[in-house]
Amino acid sequence: TNYHNQDQENTNMALKNFKELLKRFPKSKYREKSLQKIKEIREFLSKHEFAIAFFYFKKGHNVSCIPRFNKIILNYPKSLKIREKTLFYLGYAYFKEQSYGKAWKTFMYLLKEFPQTKYRKDAIGFLNSIKRTSVEFKNKKTYRDENKFRFFNLFKNSSLLKENEKNKKEEEPLLRK
């Protein structure tokens, strides 16, 4: 059964309950199982979020898919397979809406974080297309020569980043015990 098209209220409640268990009973015999379940739930939620974002991407609704892709990158940094796909499709969505600066940064970050990505050829193709299309990027160097690349600046003032930092602070004490 594909649960990605269903409401995730129960999944989020389970995540909250496992976190609460760790918080209230840090030395519980269920600690390791709880940590594993938290990891599994977060992986599941990242796939769910991607399915929604990708649905909007396929429909050409960049205004809807871009914030969702950004949310995945910020909220699920350890879900590497989803992160890799998300970076590619985020860059592609930016490209389609002609936000070449954001597309450039996203594709460069994809290539930097995942040098052997299966999206490598396509990402380089988009970078070359941006160079041909945009005067701003005409003389810009690609991947290996790009030393001043800072992807996280895209999110610097983002409310999602602030929310993600808050969630990390709440989880850190639970994971250390």
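As the structure is a computational prediction, the values presented were derived from the model and not from experiment. Counting from 1, the numbers follow the sequence of the chain as shown.
Here the closest non-hydrogen pair linking Ala14 and Ile41 is CB-CD1, 3.9 Å. In this structure, Ser79 and Glu43 approach most closely via the heavy-atom pair OG-OE1, 3.0 Å. Considering every non-hydrogen atom in both Tyr76 and Ser46, the closest pair reads CG-CB, 3.5 Å. When all heavy atoms of Tyr100 and Thr133 are compared, the closest pair comes out as OH-CG2, 3.5 Å. Closest heavy-atom contact between Phe88 and Ala123: CE1-N, 4.1 Å.
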*Please step through salt bridge (Lys or Arg N to Asp or Glu O under 4.0 Å) for the pair Glu97 and Lys102, ending with a clear verdict.*
CA-CA 10 Å; Glu97 72 168 14; Lys102 291 178 180 180; 5.8 Å; no
*Apply side chain to side chain contact (heavy atoms under 4.5 Å, CB included) to the pair Glu113 and Arg83, showing each step before the final yes or no.*
CA-CA 10 Å; Glu113 191 168 334; Arg83 185 175 180 80; 2.6 Å; yes
*Evaluation steps, side-chain hydrogen bond (donor to acceptor under 3.5 Å, both in side chains), between Glu40 and Gln36*: CA-CA 6 Å; Glu40 290 171 14; Gln36 181 59 35; 3.1 Å; yes
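In this structure, Lys85 is not positioned above the aromatic face of Tyr119 in the sense of NZ or CZ being under 6.0 Å from the six-membered ring centre and within 45° of the axis.
Rounding to the nearest 0.5 Å gives a distance of 11.0 Å between CZ of Arg68 and NE2 of His61. Separation of atoms NZ (Lys105) and OH (Tyr94) is listed at 10.0 Å; rounding is to 0.5 Å. Asn75 contributes atom CG, which lies 6.5 Å from atom CZ of Arg42 (distance to the nearest 0.5 angstrom). To the nearest 0.5 Å, atoms CG (Asn17) and NZ (Lys19) are separated by 11.0 Å. Atoms SG and NZ, on Cys65 and Lys59 in that order, are 13.0 Å from each other to the nearest 0.5 Å. For the atom pair Leu111 CG and Leu127 CG, the distance stands at 6.0 Å (nearest 0.5 Å).
Side-chain contact between Phe107 and Asp122: absent, with no pair of heavy atoms (C-beta onward) separated by less than 4.5 Å. Using a 4.5 Å heavy-atom threshold, the side chains of Ser129 and Phe95 count as touching. The shortest distance between side-chain heavy atoms of Trp104 and Phe126 does not fall below 4.5 Å. No side-chain heavy atom of Leu22 sits less than 4.5 Å from a side-chain heavy atom of Phe18.
With sequence neighbours left out, the ring pair (Phe, Tyr, Trp, His ring centres under 6.0 Å) criterion links Tyr56 to no other residue. The salt bridge (charged side-chain N to carboxylate O under 4.0 Å, His left out) check on Lys96 picks up nothing, with sequence neighbours excluded. Under the side chain to side chain donor-acceptor pair (under 3.5 Å) criterion, Thr11 pairs with Gln8, sequence neighbours left out. Considering only residues two or more places apart in sequence or on other chains, Glu84 meets the salt bridge (charged side-chain N to carboxylate O under 4.0 Å, His left out) condition with none of them. Evaluation of the side chain to side chain donor-acceptor pair (under 3.5 Å) rule for Glu136 yields no partner, not counting sequence neighbours.
With Asn70 as reference, Leu90 is the one residue of Leu90, Thr106, Thr86 to meet the side-chain contact (heavy atoms from CB on, under 4.5 Å) rule.
The hydrophobic cluster containing Leu21, built from Ile/Leu/Val/Met/Phe/Trp/Tyr side-chain heavy atoms closer than 4.5 Å, also comprises Phe25, Tyr30.
The backbone N or O of Ile130 sits nowhere less than 3.5 Å from a side-chain atom of Ser134 that would complete a donor-acceptor pair.
Relative ring orientation between Tyr89 and Phe57 is described as perpendicular, the plane-to-plane angle rising above 60° on a 0-90° scale split at 30° and 60°.
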